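Single-structure report; data block below.
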Amino acid sequence: MRVLVTGGAGYIGSHTLVELLGQAHEVCVLDSFANAKPVVLDRVRSLTNGKISLVTGDVRDGSVLDDTMSDFAPDAVIHFAGLKAVGESSRQPVDYYDVNVSGTLALLRAMDRHGCKRIIFSSSATVYGEPEYLPYDEAHPTNPLSVYGRTKLMAEHVLTDWAAATPGASAVLLRYFNPVGAHASARMGEDPADYPNNLMPFIAQVAVGKRAQLQVFGDDYDTDDGTGERDYIHVVDLARAHVAALDHAAAISGARVFNIGTGQSYSVLQMVTAFRAASGHPIPLAIAPRRAGDIARMQADSTRARNELGWQATHSLDDMAASAWAWQRGNPDGYGD
Ligand code: NAD
Ligand code: WQD
């Protein structure tokens, strides 16, 4: 297939490019480089010997989208481009609605103009909010606790309504749990622009000596060891879910939502233990107050993805920690300047 990948230079997008090229799909990346560096694509090319067309531009820009779709004529779009920092989203809500919702609308309008009828969308388990039961299945009520989460849920609604109203159209909405880890080559991985918001890159920066200690946000949750539990998913497993979703989008009409997780949850302290084992570094830590908006535990029921996409995660917690450490050790400054 010819696949237009918005946000393809980002953390999840770049790993997905490797999997797409490995399956002989043709790819075109549209990225503004708001949160990525062009060198990422050189790494993807060198790992795959694949050809990547690149358009540097904004997903909200209809004329860029028109030119891209005229030249590349995609069979399907994978839509990663978006803003993703939960804390920032409450300080800059209009930016988040604009990029995440208006960006999706602009993309759908361009797809309509060019007759492209398949889209895979990066949604998030954060759309569920406080669990009424666990593991979350796709029927769990949605009630996101952040502006970011609301932009993702709103984009899901837009895509669902578009797919219902457009003959022959399909939208696969992937609700990712917590993506971590890096490519096995250690040439690609997560490269936070400044202060890492997420647990795994923070631990990795402590291990490599860039930060003195980890702050553990709360040890009084109702979990086995009192620290927050999440369903961490290796980024390569997540990337492969997109390849499976492309095939699925070709086979269905309308919208379908899928949880993409492992079904296993690990606490902050279990993540630290795994990273200590992978890196041999002590990872000093201190218990800090709870972080606003955090919940105790999240866990995916990914039965639907297994049954309908034929996808399931294969990487273990040790794989996640070892690959994240190999990437961080080999690239202490990420992709550099
Ligand atoms: P990322 O920031 O690494 O990738 C996003 C990419 O989109 C970047 O390359 C960035 O330059 C690009 N981009 C941003 N705004 C753009 C715009 N207006 N026009 C064109 N390109 C633009 O993030 P990621 O972790 O790879 O996440 C990819 C997607 O998955 C995002 O939509 C995110 O919300 C979603 N998601 C991420 C996580 C996570 O924890 N990483 C979890 C659930 C969902
Ligand atoms: C994991 C656990 C923290 C940092 C976020 C977004 C979600 C999705 C994935 C985009 C929690 C604890 C963290 C630290 C800590 N992103 N922690 N010290 O919050 O589950 O999910 O990223 O779509 O929408 O909300 O992930 O990695 O920030 O936190 O103790 O320095 O680690 O409290 O229990 P989270 P996280």
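Fair warning: this is a prediction, and the values are worked out from it, not measured in the lab. When a ligand or atom number is given, it counts from 1 through the structure's own listing order.
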Got the closest protein heavy atom to atom 5 (C) of ligand 1, with its distance? Gly82 O, 4.0 Å

Which one holds for Phe33 and ligand 1: side chain close, backbone close, both close, or neither close, with close meaning a heavy atom under 4.0 Å? backbone

Below 4.0 angstrom, N of the basic side chain to O of the carboxylate: do Glu26 and Lys51 qualify? no

Does an N or O anywhere in Tyr176 fall below 3.5 Å from an N or O of ligand 1? no

Any atom of ligand 1 sitting under 4.0 Å from a heavy atom of Lys152? yes

May I ask you to check whether Ser123 has an N/O atom sitting below 3.5 Å from an N/O atom of ligand 1? no

Among Asp231, Thr314, Asn178, find the residue that satisfies the side chain to side chain donor-acceptor pair (under 3.5 Å) test when tested with Thr262. Asp231

Taking a cutoff of less than 4.0 Å between a non-hydrogen atom of the residue and any ligand atom, is Ala125 in contact with ligand 1? no

I'd like to know if the side chain of Ser102 reaches the main chain of Val99, judged simply by a donor and an acceptor atom lying under 3.5 Å from each other, with no hydrogens or angles considered. no

Full working for side-chain hydrogen bond (donor to acceptor under 3.5 Å, both in side chains) between Ser123 and Glu156: CA-CA 7 Å; Ser123 190; Glu156 281 196 10; 2.6 Å; yes

Is a side-chain donor-acceptor pair under 3.5 Å present for Thr6 with Asp31? no

Just to check, does Tyr232 reach to within less than 4.0 Å of ligand 2 when the distance is taken from its heavy atoms? yes

Atom 22 (C) of ligand 1: the protein heavy-atom neighbour that sits closest, reported with distance to 0.1 Å: Ser32 OG, 3.2 Å

Atom 8 (C) of ligand 1 - nearest protein heavy atom and its distance: Asp31 OD2, 3.6 Å

Students should be able to answer this: which protein heavy-atom is nearest to atom 22 (O) of ligand 2, and at what distance? Asn198 ND2, 3.0 Å

For Thr126, the atoms of ligand 2 under 4.0 Å from one of its heavy atoms are 24 (O)

Which atoms of ligand 2 are found less than 4.0 Å from any heavy atom of Gly228? 34 (O)

Between Phe80 and Tyr11, ring centroids under 6.0 Å: no

If you take the nearest heavy atom of each of Leu83, Val272, Asn178, Thr223, which one is closest to atom 35 (P) of ligand 2? Asn178

Hey, is Asp333 close enough to Lys210 for a salt bridge, meaning N to O under 4.0 Å? yes

Taking all atoms of both residues into account, what is the closest heavy-atom pair of Ala106 and Leu65, and its distance? O-CD1, 3.6 Å

For a salt bridge (charged side-chain N to carboxylate O under 4.0 Å, His left out) check, start with the C-alpha distance between Lys117 and Asp75, then their side-chain angles and the critical distance, and finish with the verdict. CA-CA 8 Å; Lys117 291 176 185 271; Asp75 300 306; over 6 Å; no

Any atoms of ligand 1 less than 4.0 Å from a non-hydrogen atom of Ala36? List them with their elements. 9 (O), 11 (O)

For ligand 1, is there an N or O atom under 3.5 Å from any N or O atom of Ile12? yes

Check this for me - ligand 1, Leu30, N or O atoms closer than 3.5 angstrom, yes or no? no

For Ala81, is at least one N or O under 3.5 Å away from an N or O on ligand 1? no

Name the closest protein heavy atom to atom 33 (O) of ligand 2, giving the residue it belongs to and the distance to 0.1 Å. Asp294 OD2, 2.6 Å

Residue Ala9 vicinity, atoms of ligand 1 by number, heavy atom under 4.0 Å: 9 (O)

Ligand 2 contact on Leu199 by region, counting heavy-atom pairs under 4.0 Å: both

Can any side-chain N or O of Ser302 pair as donor or acceptor with the backbone N or O of Asn259 at less than 3.5 Å? yes

Contact region, Gln215 to ligand 2, non-hydrogen atoms below 4.0 Å, reads backbone

Mark up the atoms of ligand 1 that fall under 4.0 Å of a heavy atom belonging to Ser122, in ascending order. 29 (C), 30 (O), 32 (O), 35 (C)

Are the side chain of Arg304 and the backbone of Val257 linked by a donor-acceptor contact shorter than 3.5 Å? yes

Arg291 bridged to Asp294 by N-O distance under 4.0 Å: yes

For Gly103, state whether at least one heavy atom is located under 4.0 Å from any atom of ligand 1. no

Below the 3.5 angstrom mark, is there an N/O of Val99, backbone or side chain, next to an N/O of ligand 1? no

Per-atom contacts, ligand 2 versus Val86 - under 4.0 Å to a heavy atom: 6 (C), 25 (O)

Examine Phe121 together with Trp162 and report whether their ring centres are nearer than 6.0 Å. no

re atom 3 (O) of ligand 1, the protein heavy-atom contact at minimum distance is Tyr11 N, 2.8 Å

Look only at the side chain of Asp318 and the backbone of Ala274, and say whether a donor-acceptor pair between them is shorter than 3.5 Å. no

Look only at interatomic distance and state if Leu214 has a nitrogen or oxygen under 3.5 Å from any nitrogen or oxygen of ligand 2. no

Any salt bridge linking Asp220 with Arg290? Criterion: basic side-chain nitrogen under 4.0 Å from a carboxylate oxygen. yes

Between Asp219 (side chain) and Gly226 (backbone), is there a donor-acceptor pair under 3.5 Å? no

I'd like to know if the side chain of Arg329 reaches the main chain of Val208, judged simply by a donor and an acceptor atom lying under 3.5 Å from each other, with no hydrogens or angles considered. no

Distance-only, no hydrogens or angles: does the Tyr176 side chain make a donor-acceptor pair with backbone N or O of Ile12 under 3.5 Å? no

Could you tell me whether ligand 1 has any atom less than 4.0 Å away from a heavy atom of Ser14? no

Just need the protein heavy atom nearest to atom 25 (O) of ligand 1, so name the residue and atom and give the distance. Lys84 NZ, 2.8 Å

Is the distance from the ring center of Phe72 to that of His114 below 6.0 Å? no

Answer yes if the ring centres of Phe275 and His281 are under 6.0 angstrom apart, and no otherwise. no

Check each atom of ligand 2 against the heavy atoms of Val216 and keep those under 4.0 Å away; list them by number with element. 30 (O)

Kindly indicate whether a cation-pi arrangement holds for Arg230 with Phe177, taking the cut-offs as under 6.0 Å to the six-membered ring centre and within 45° of the axis. no

Could you check whether any heavy atom of Asp58 sits closer than 4.0 Å to an atom of ligand 1, since that is the contact criterion I want to use? yes

Would you call the rings of Tyr335 and Trp327 parallel, tilted or perpendicular if under 30° counts as parallel and over 60° as perpendicular? tilted

Regarding atom 17 (N) of ligand 2: of the candidates Phe217, Tyr176, Tyr148, which has the closest heavy atom? Phe217

Atoms of ligand 1, numbered as shown, that sit under 4.0 Å from any heavy atom of Gly57: 19 (N), 20 (C)

What residue and atom, counting heavy atoms only, is the protein's closest point to atom 31 (C) of ligand 1, and at what distance? Phe80 O, 3.1 Å

Ranked by distance from atom 20 (O) of ligand 2, the top protein heavy atom is Arg230 NE, 2.5 Å

Protein contact to atom 2 (O) of ligand 1 [nearest heavy atom, distance to 0.1 Å]: Asn35 ND2, 2.7 Å

Would you mind listing which atoms of ligand 2 come within a distance below 4.0 Å of any non-hydrogen atom of Ser124? 23 (O), 24 (O)

Counting non-hydrogen protein atoms only, what is the nearest one to atom 34 (O) of ligand 1? Give residue, atom name and distance. Tyr148 OH, 2.7 Å

Polar contacts were defined as any N/O atom of the residue lying under 3.5 Å from an N/O atom of the ligand; does this apply to Gly10 and ligand 1? yes

